[in-house]
Amino acid sequence: MKLFSELFAAIDETTKTNAKVAALVNYFSAAEAEDAVWCVALLSGRKPKCTVKSAELKLWCMELADISEWLFDDSYHIVGDLSETITLILPSPAIYNSEREKGKHSLHQTMMDLKSLVHEEIENRKKFIQATWMQLSTPERFVFNKLITGAFRVGVSQQLVIKALSKFYHLDENIVTHRLTGNWDPGNITLKELLFSENANDDHSKPYPFYLAYQLDQEPASLGELDDWQIERKYDGIRGQIIIRDKQLFVWSRGEELITEKFPEFNALASLLADGTVIDGEILPMRNGNPLPFHLMQTRISRKNITKKSLTEAPLMMVCYDLLEFNGIDIRNEPMHQRRDKLATLVIESLNKYPGAPLLLSPLLNCKNWEEIKEERLRSRDFLCEGLMLKHKQSIYESGRRRGQWWKWKVDALTADGVLIYAQAGHGRRANLYTDYTFAIWDGEELLPFTKAYSGLTDKELIQVDAWIKKNTLEKFGPVRSVKAELVFEIAFEGIQPSLRHKSGIALRFPRIARWRTDKSAIEANTKQDLLQLIDSLKIK
C-alpha cells in the first residue's frame, strides 16, 4: 500500500501528462507483480465494489476516535469527502513501519481481503477495518478508505496507463490497449501474463478497443472532397460489439461491460453469423426500421428479468457501423470502405437467411455537397439521432479517441431556463463551495424542481454564486440550503422525455449549466408547459 499511496499522491499533485506517465513507470519498476496488476485494474476503471456500508464506516471511525455524531457530520460537511473525513478524524496509528508484518498490507492482499469481506459477519468486518486503520500511515489510510467505499478515483485516464505500460514494457500502445480489454481478474493474473502470455488472446469473449471520435471543430468543407467521406447518422443508443466466437455470442458495451444477458433477441446470431465475427454498432430500440425513444432502452436495461411484454414494447436491434473481425481475421487495418463492403454483404446475407435478425446496416447519406450535409445534421432529431458521423473511407479502425479520420458532428444541445432553488456543497476541492444546484421551472404560480446540475460555470462564477447563496439562504436542511428564487441559469441537455419517477413529470439527459442568465429575472424562466411542448415537438411519446 505504501508504494501505491505514493503513486496516488504523485498523480494527484500534478496536471502534467509526462509527469503522470513517469510516476506510473516508476511504480511499475518498483512494485511487486501482484500489486502492479491491481494498480492497472484500479486506474483503468475496474473499480472495486463497495463491501462495507458508509454508515458502518462512520460508526466505526467515531468509536475509534471517541467523538460524537454531530462532530463527525459537521466535519464531513466541511471536508466534503467521506474517505478524507475518516482519515483526518482517526487517531494516530498504533503499529507502523518495522512492527508491521512485511507484505501484510500490500495492495494485492488488501484488495483480496476487501473482496472477502462481503461474506463476513458485520463484527468481523468491523474488526478488520479498524485493525487495518490502526496499522496504516495517513496517506495509506486515505487510499484504503477510497478502496473500501468503491469511490476510488484519481486524475489519470486509461490512455495514460496504456502509455506508461507501453513505455515500460516496450510494447505498441494498440497491443496494450487490446490486451487490457475483456474479462480478466487482477486477483489471479500478473501484468506480464496479461501482456505477453501466448494464451492472452484465448479468451473468446475479448472485444476490441473501441474507436472514438472527437466533436468536429472546423468547417466540414475544410475536410476536403465529400466523396472521400462516409456520412451516417449518429444514433442515440448503447455503443457495443457483437462477438461470435466458438459458436458463442458475447455482447459488450463501450464501457467494457459484458451485457449479453440483457439482449435475448440477439441469441439467434450465435448460429446465424459465422465464427470469428465481430460487429461494432449501436444497440437501440427500433420498430419497422425506425428508432424509438432512448427511455425505452432504459426500461429494458434496468430490468432484472426480461419479460415477453418488455421484448414487445422495446424490441432492440444492432445498427451495424463496422466490421472488425471477419472469418476469425482481424481486419481493423483494412480501409473503411473495404470493411463496409464486407459488413454490407454479411448483414444482407444474414437477413436473407433470417428476416427477423436484429441487425440493420447503418444507412449512408448521399448528398451532393457539404451544404446538404449541414441540412441533414439539422434534421437529426427528426430521426431521434444526436447528429452525424463523418468517417474517411480510407481510415483504419484505431483504438481510443483519435482526431482526423473520424468526426462526430452533434446537433446543438437543447436548452431551458431554470431558477436556482436549492444548493449543496460539492466534494473534494469543491467541499467549501456550494456548487451542486437544483433548478425549477414554473408550474402555474409555483416553482417545480425539474433537474440538478453542477458543471458548466467558471471558477470565478462558482465563487460569485457561492457568496450569493450564503447571503440569500432561506432554510437549511442538513447540507442543503434553500435560497431566494432569483438567479436564472440556462440548462443545456442532450435529451428530454416524460417521466413518472420525477415530480415534474420530465427527465433530462446529461443536464449541465450552459450559462448564468444575469439578464433574466426569475419570472422569465421556462414553464412546465414549455418543456411538455418541446417533448411533443420532438415526437417523444
Side-chain angles (χ1 to χ4, degrees), residues 1-9 31-32 34-35 37-39 41-43 45-154 185-189 304 427-428 431 478-479:
M1 284 292 288
K2 184 174 185 294
L3 273 179
F4 187 64
S5 63
E6 289 174 352
L7 171 65
F8 184 95
E32 295 292 334
E34 290 180 327
D35 289 350
V37 72
W38 269 108
C39 170
L42 292 168
L43 297 185
R46 286 171 166 80
K47 297 178 182 178
K49 293 183 179 179
C50 180
T51 54
V52 181
K53 296 178 181 178
S54 297
E56 293 173 345
L57 293 175
K58 172 183 169 181
L59 290 174
W60 301 340
C61 173
M62 288 165 47
E63 179 182 302
L64 277 180
D66 192 24
I67 65 170
S68 58
E69 186 173 12
W70 73 263
L71 183 55
F72 185 99
D73 289 342
D74 275 11
S75 300
Y76 179 36
H77 293 156
I78 295 298
V79 175
D81 180 274
L82 179 63
S83 298
E84 187 175 359
T85 303
I86 291 173
T87 302
L88 293 171
I89 287 176
L90 285 171
S92 299
I95 306 171
Y96 187 52
N97 288 335
S98 60
E99 293 184 48
R100 291 192 301 172
E101 182 181 346
K102 185 178 180 181
K104 182 178 180 181
H105 294 296
S106 67
L107 179 59
H108 166 77
Q109 190 58 55
T110 299
M111 294 309 303
M112 299 304 288
D113 288 341
L114 288 178
K115 286 178 68 175
S116 68
L117 285 186
V118 70
H119 305 296
E120 295 289 342
E121 297 293 332
I122 187 170
E123 191 60 32
N124 291 335
R125 294 204 303 270
K126 173 184 174 181
K127 288 179 180 178
F128 170 78
I129 295 297
Q130 288 187 332
T132 304
W133 275 337
M134 297 310 294
Q135 294 168 354
L136 295 176
S137 66
T138 298
E140 291 172 310
R141 280 178 175 175
F142 178 64
V143 174
F144 176 64
N145 290 338
K146 289 290 186 182
L147 297 175
I148 301 173
T149 59
F152 182 82
R153 290 187 298 272
V154 65
D185 184 357
N188 56 30
I189 193 171
K304 291 184 179 180
H427 296 275

Enquirer: Which distance, rounded to the nearest 0.5 Å, do you find between the CG of N188 and the CD of E34?
Expert: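 Between N188 CG and E34 CD, I get 10.5 Å after rounding to 0.5 Å.
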Enquirer: What are the two closest heavy atoms between N145 and S83, and how far apart are they?
Expert: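 Result for this residue pair: ND2-O, 3.2 Å.
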Enquirer: Sort out for me which residue in E63, E121, E56 forms a side chain to side chain donor-acceptor pair (under 3.5 Å) with K126.
Expert: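 Considering E63, E121, E56, a side chain to side chain donor-acceptor pair (under 3.5 Å) with K126 is found only for E63.
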Enquirer: Does the pair K2 and D35 meet the rule for a salt bridge (charged side-chain N to carboxylate O under 4.0 Å, His left out), with working shown?
Expert: CA-CA 11 Å; K2 184 174 185 294; D35 289 350; over 6 Å; no
Enquirer: Going by distance alone, is a donor N or O of one side chain under 3.5 Å from an acceptor N or O of the other, for S137 and E140?
Expert: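 There is such a pair (donor and acceptor under 3.5 Å, judged by atom type) between the side chains of S137 and E140.
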Enquirer: Once you round to the nearest 0.5 Å, how far does NE2 of H105 lie from CG of L136?
Expert: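 Answer rounded to 0.5 Å: 5.0 Å.
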Enquirer: For the atom pair CD1 (I129) and CG (N124), what is the distance rounded to the nearest 0.5 Å?
Expert: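 Nearest 0.5 Å value for the CD1-CG distance: 11.5 Å.
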Enquirer: Between L7 and L43, is any pair of side-chain heavy atoms under 4.5 Å apart?
Expert: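 Side-chain contact under 4.5 Å: yes.
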Enquirer: Run the salt bridge (Lys or Arg N to Asp or Glu O under 4.0 Å) test against K115 and tell me which residues pass, sequence neighbours left out.
Expert: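 With sequence neighbours excluded, K115 shows a salt bridge (Lys or Arg N to Asp or Glu O under 4.0 Å) to D185, given in chain and number order.
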Enquirer: Can you measure from CG (L117) to CD1 (I148) and round to the nearest 0.5 angstrom?
Expert: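 One finds 8.5 Å between CG of L117 and CD1 of I148.
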Enquirer: Of the non-hydrogen atoms in L107 and C39, which two are nearest, and what is the gap between them?
Expert: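 For L107 and C39, the tightest heavy-atom pair comes out as CD2-N, 3.8 Å.
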Enquirer: Taking side chain as C-beta onward, heavy atoms only, is R141 less than 4.5 Å from M134?
Expert: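 Touching, per the 4.5 Å side-chain cut-off.
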Enquirer: In the structure I gave you, are the side-chain heavy atoms of F4 and T110 within less than 4.5 Å of one another anywhere?
Expert: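 Side-chain contact under 4.5 Å: no.
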Enquirer: Hey, can you pull the donor-acceptor pairs under 3.5 Å for the side chains in residues 65-72, sequence neighbours left out?
Expert:
from	atom 1	to	atom 2	distance (Å)
S68	OG	W70	NE1	2.8
E69	OE2	K58	NZ	2.8

Enquirer: Out of curiosity, M111 CE to F144 CZ, how far, rounded to the nearest 0.5 Å?
Expert: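 One gets 9.5 Å once the value is rounded to the nearest 0.5 Å.
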Enquirer: Is the H108 ring parallel, tilted or perpendicular to the W38 ring (thresholds 30°, 60°)?
Expert: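 Tilted: the ring planes of H108 and W38 meet at 30° to 60°.
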Enquirer: Looking only at heavy atoms, what is the nearest atom pair of F142 and T87, with distance?
Expert: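 Shortest heavy-atom contact: CA-OG1, 3.3 Å.
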Enquirer: How close do P139 and S5 get, heavy atom to heavy atom, and via which atoms?
Expert: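 For P139 and S5, the tightest heavy-atom pair comes out as O-CB, 3.8 Å.
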Enquirer: Could you list the residues that satisfy salt bridge (Lys or Arg N to Asp or Glu O under 4.0 Å) with E120, not counting sequence neighbours?
Expert: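 By the salt bridge (Lys or Arg N to Asp or Glu O under 4.0 Å) rule, E120 matches no residue at all.
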Enquirer: Answer yes or no: is there a side-chain heavy-atom contact under 4.5 Å between C61 and W133?
Expert: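 Yes, close enough: below the 4.5 Å cut-off.
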Enquirer: Please determine whether the number of non-hydrogen atoms from other residues, nucleotides or ligands lying under 6.0 Å from atom CD of E32 exceeds 12.
Expert: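 Not buried by this count: 12 neighbours or fewer within 6.0 Å.
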Enquirer: Could you give the distance from CD1 (I89) to OG (S75), rounded to the nearest 0.5 Å?
Expert: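 So the gap between those two atoms works out to 4.5 Å.
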Enquirer: Does Q130 reach the main-chain N or O of W60 with its side chain, forming a donor-acceptor pair under 3.5 Å?
Expert: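 Such a contact is found between Q130 side chain and W60 backbone.
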